[in-house]
Colleague: 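Can you keep this structure in mind? I'll have questions shortly.
Computed from a predicted model, the values in this text were never measured in an experiment.
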Amino acid sequence: MPAVRRRHFLGLLGAAALAGAAPRPAGAAAGALRIGLKSLPALLNPLSVSDLVARQVLGSMYESLTSVDPQGRILPGLATAWEASEDARRWRLTLREGATFHTGRPFAARDVKRSFEAALATEGANFAVLALAKVRGFREVRAKTARELSGVAVIDDRTLDVVCDEPCAVFPFARFNIVDVDAVEKAGPDWFRTMSAGTGPYRLLRSNEGIRIDVEANPAWRGGAVPFERVSFLATGIGNDGITLFNDSQVDFTFVDTDALRGVMDDPGFKRSLSNVPRMQMRVLALDPRRVKAFADLRVRRAMSLLIDRQAMAERFFRGVATVHNGVVPPALLSNERLEPLAYDPMLAKQLLEEAGYPEGRGIDPFTVAVVPEYRREFVYYVSQWNNAGIPAKLATSPRQEFIARSRRRDYDAFLFGWTATYPDPMNFLDELFTSRSRFNPVGWTNAEFDGLIERAMAIPDPDRRAEVYKDAEHIVMTDMPVIPLVVPDYVALRGNVLSDNFITPFGGLNFA
């Protein structure tokens, strides 16, 4: 969003100073809800969504096959039941009756198939492309040599069969935006700028790209009446701007950035407005051994991990609204007793550096740790700890879009890597981040035994049996430690009295129903 437009927007809202925050007065009337987000997506196409902010907005308008409650449990969505074959290659989905698109047309099984195909026809990677990669016919549709997914069969209006080329035990849980593709095709390529075509509780009212998006209650929503007649998504900008607007009663909800967390938590004026929920997120330091030779030595990676006092960071820096994970899967998704706690032990770190041939860090090539500006203060601590042990690290910040692009290319020596689950299963982390074929593997780590365990888990529909395989797979990752787990801060937000505590979901979504 251009800076001049953002300044103009803030001026219109009449932003007040953050200092001396007063207790939050009652929010807007129940007829309207104003949500402040750091930035809004320039394009809001539900068929090609690939970022969390767009998903937050689209979640008000579009439903998927399944949904998730505030505790992260799977619930029915547009599918009311799902049944897998013994090898998890075939799924039969029973679909909901009584759902209607914003366009007025009743929802049916063919709409799921057509939504899958329309998402695959878009350019670039998106959430649906990742979720459909194992469905039979995927490659042909992506290559545009076929228009239909051969592995998806409409049995009747309420029944859909899905055949995968490989086992896929988590297929129904992925996030798909189900769209009235018939209406979309008639409306033209820019349809999403002027209309919505989902079945969700709200429908698009108007969109001022990058500045404001307004949605209104969907009178035909299957769930009945919704809490607000209208919801407005407003771009607040980074830093303290969202907090300022909340304090001035210009927004009813805003997330709190990590760098602003301590100021908000320590201000008694905000106490009654604070809301937080643990994130379903992996948050690590990625180390690229191609760029820094020492990173190829497990002893160096372990030493760097041992120099981080995670418990102190969670309690002091994050003011207690953070979680220490012992692995790469959030413990709410996988309680893995096979993992050792991540200790803070500078003396053992020193010993490991000596054993690796880098006594007190000597011989390690100087390297740069890259982060986005909002995490700079946190990483000042990590870098200082490594420097104190002789490890020659320095910190650099990059604008968010540049950082994302370069980290995807692995164009940094070391960098912050975060991954938020799109569905509540450990496969969302283990398969999509650490298998040798993953496009999102942050450091290119490979392990044949790990790959074999993931393939085995994919063929086990029963979640309890699958979890035992997950534990072994995660243990392999943590034994080799290709990435260094960091503290995972909660989602922390300021909310007005019109919102409940469970408005934020553990997946970074917003609970609009």
Colleague: With a 4.0 Å cut-off on N to O distance, would you call R291 and D365 a salt bridge?
Modeller: no
Colleague: So, the side chain of D267 versus the backbone of G269: is there a donor-acceptor pair under 3.5 Å, distance only?
Modeller: yes
Colleague: Pick one: which of R456, R90, R437 meets salt bridge (Lys or Arg N to Asp or Glu O under 4.0 Å) with E166?
Modeller: R437
Colleague: Just by distance, with hydrogens left out, do D451 and T446 show a side-chain donor and acceptor under 3.5 Å apart?
Modeller: no
Colleague: Are Y412 and F403 an aromatic pair, judged by ring center distance below 6.0 Å?
Modeller: yes
Colleague: Go through it in stages, so that I can follow the logic: the residues are R319 and D266, the test is salt bridge (charged side-chain N to carboxylate O under 4.0 Å, His left out), and I'd like the CA-CA distance, side-chain angles, deciding distance and then a yes or no.
Modeller: CA-CA 8 Å; R319 297 301 195 258; D266 293 345; 2.8 Å; yes
Colleague: Would you check if R73 and V68 make a side-chain contact, meaning some heavy-atom pair closer than 4.5 Å?
Modeller: no
Colleague: Could you walk me through whether D490 and R279 pass the salt bridge (charged side-chain N to carboxylate O under 4.0 Å, His left out) check?
Modeller: CA-CA 5 Å; D490 291 359; R279 302 188 194 213; over 6 Å; no
Colleague: Any side-chain donor-acceptor pair under 3.5 Å between E474 and Y470?
Modeller: no
Colleague: Sequence neighbours excluded, which residues qualify as ring-ring contact (aromatic ring centres under 6.0 Å, His included) partners of F417?
Modeller: none
Colleague: Side chains of Y375 and L486: does their closest heavy-atom pair fall under 4.5 Å?
Modeller: no
Colleague: Of all the heavy-atom pairs spanning A322 and V487, show the shortest one and how long it is.
Modeller: CB-CG1, 3.6 Å
Colleague: Report yes if some heavy atom in the side chain of P489 is under 4.5 Å from a heavy atom in the side chain of F317; otherwise report no.
Modeller: no
Colleague: For the CD atom of E468 and the CG atom of L334, what is their distance to the nearest 0.5 Å?
Modeller: 8.5 Å
Colleague: Is V231 close to I35 at the side-chain level, that is, under 4.5 Å between some pair of heavy atoms?
Modeller: yes
Colleague: Is the backbone of D413 close enough, under 3.5 Å, to the side chain of R290 for a donor and an acceptor to pair up by distance?
Modeller: no
Colleague: How close do V443 and A286 get, heavy atom to heavy atom, and via which atoms?
Modeller: CG1-CB, 3.7 Å
Colleague: Search all heavy atoms of G242 against all heavy atoms of V251 and return the closest pair with its distance.
Modeller: O-CG2, 4.1 Å
Colleague: For E337, does the CD atom have more than 12 heavy-atom neighbours from other residues, nucleotides or ligands under 6.0 Å away?
Modeller: yes
Colleague: Considering all heavy atoms of both residues, which atom of A260 and which atom of I243 are nearest to each other, and what is their separation?
Modeller: CB-CD1, 3.7 Å
Colleague: Are R299 and L353 side-chain neighbours, meaning at least one heavy-atom pair lies under 4.5 Å?
Modeller: no
Colleague: Between F253 and F503, is the ring centroid distance below 6.0 Å?
Modeller: yes
Colleague: Is a side-chain N or O of S273 found less than 3.5 angstrom from the main chain of G496, in a donor-acceptor match?
Modeller: no
Colleague: State which residues pass ring-ring contact (aromatic ring centres under 6.0 Å, His included) with Y358; sequence neighbours excluded, sorted by chain then number.
Modeller: none
Colleague: Report yes if some heavy atom in the side chain of M313 is under 4.5 Å from a heavy atom in the side chain of V324; otherwise report no.
Modeller: no
Colleague: Under 3.5 Å, which donor-acceptor pairs do the side chains of residues 504-513 form with other protein atoms, sequence neighbours left out?
Modeller:
{"from": "T505", "atom 1": "OG1", "to": "F507", "atom 2": "N", "distance (Å)": "3.3"}
{"from": "T505", "atom 1": "OG1", "to": "G509", "atom 2": "N", "distance (Å)": "3.0"}
{"from": "T505", "atom 1": "OG1", "to": "G509", "atom 2": "O", "distance (Å)": "3.4"}

Colleague: Do the non-hydrogen side-chain atoms of L120 and T122 ever get within less than 4.5 Å of each other?
Modeller: no
Colleague: Parallel, tilted or perpendicular for W419 and F440, by the 30°/60° rule?
Modeller: tilted
Colleague: Checking the side chain of R175 only, and the main-chain atoms of A131 only, is there a donor and an acceptor separated by less than 3.5 Å?
Modeller: no
Colleague: Are the side chain of N428 and the backbone of T422 linked by a donor-acceptor contact shorter than 3.5 Å?
Modeller: yes
Colleague: Starting from the C-alpha separation in whole Å, work towards a yes-or-no answer on side-chain contact (heavy atoms from CB on, under 4.5 Å) for L95 and L65.
Modeller: CA-CA 8 Å; L95 302 176; L65 296 174; 4.2 Å; yes
Colleague: With a 4.0 Å cut-off, would you call D472 and R338 a salt bridge?
Modeller: yes
Colleague: Can you sort out the partners of F450 under ring-ring contact (aromatic ring centres under 6.0 Å, His included), two or more places apart, ordered by chain and number?
Modeller: W445
Colleague: Donor-acceptor pair, distance only, cut-off 3.5 Å: does the side chain of T236 make one with the backbone of L37?
Modeller: yes
Colleague: Could you tell me the separation between the CG atom of L58 and the CG atom of N45, rounded to the nearest 0.5 Å?
Modeller: 8.5 Å
Colleague: Please check if any side-chain donor atom of E63 sits under 3.5 Å from a side-chain acceptor atom of T199, or the reverse.
Modeller: yes
Colleague: Quick one: does any side-chain atom of S60 pair with a main-chain N or O of V57 as donor and acceptor, under 3.5 Å?
Modeller: yes
Colleague: Taking the side chain from R301 and the backbone from M481, do they hold a donor-acceptor pair closer than 3.5 Å?
Modeller: yes
Colleague: Could you walk me through whether E374 and R400 pass the salt bridge (charged side-chain N to carboxylate O under 4.0 Å, His left out) check?
Modeller: CA-CA 9 Å; E374 66 192 82; R400 178 170 291 273; 2.5 Å; yes
Colleague: Answer yes or no: is there a side-chain heavy-atom contact under 4.5 Å between V300 and L352?
Modeller: no
Colleague: Would you call E378-R283 a salt bridge at under 4.0 Å N-O?
Modeller: yes
Colleague: If only atom types and distance count, is the side chain of N336 paired as donor or acceptor with the main-chain N or O of K471 below 3.5 Å?
Modeller: yes
Colleague: Begin from the C-alpha positions of R89 and D165 and carry the test salt bridge (charged side-chain N to carboxylate O under 4.0 Å, His left out) through to its verdict.
Modeller: CA-CA 7 Å; R89 288 175 182 263; D165 289 323; over 6 Å; no
Colleague: Which side-chain hydrogen bond (donor to acceptor under 3.5 Å, both in side chains) pairs, counting each pair once, include a residue from residues 321-330, with sequence neighbours left out?
Modeller: none
Colleague: To the nearest 0.5 Å, what is the distance between CG on N388 and CD on Q385?
Modeller: 5.5 Å
Colleague: Could I get the full list of ring-ring contact (aromatic ring centres under 6.0 Å, His included) partners for Y491, not counting sequence neighbours?
Modeller: F255
Colleague: Is it the case that more than 12 heavy atoms not belonging to R408 sit under 6.0 Å from its CZ atom?
Modeller: no
Colleague: Aromatic ring centroids of Y62 and F176 under 6.0 Å?
Modeller: no
Colleague: Within the distance-only criterion (no hydrogens, no angle test), does the side chain of W91 pair as donor or acceptor with the backbone N or O of P172 below 3.5 angstrom?
Modeller: no
Colleague: Taking it one step at a time, do L285 and L416 satisfy side-chain contact (heavy atoms from CB on, under 4.5 Å)?
Modeller: CA-CA 5 Å; L285 179 71; L416 170 66; 5.7 Å; no
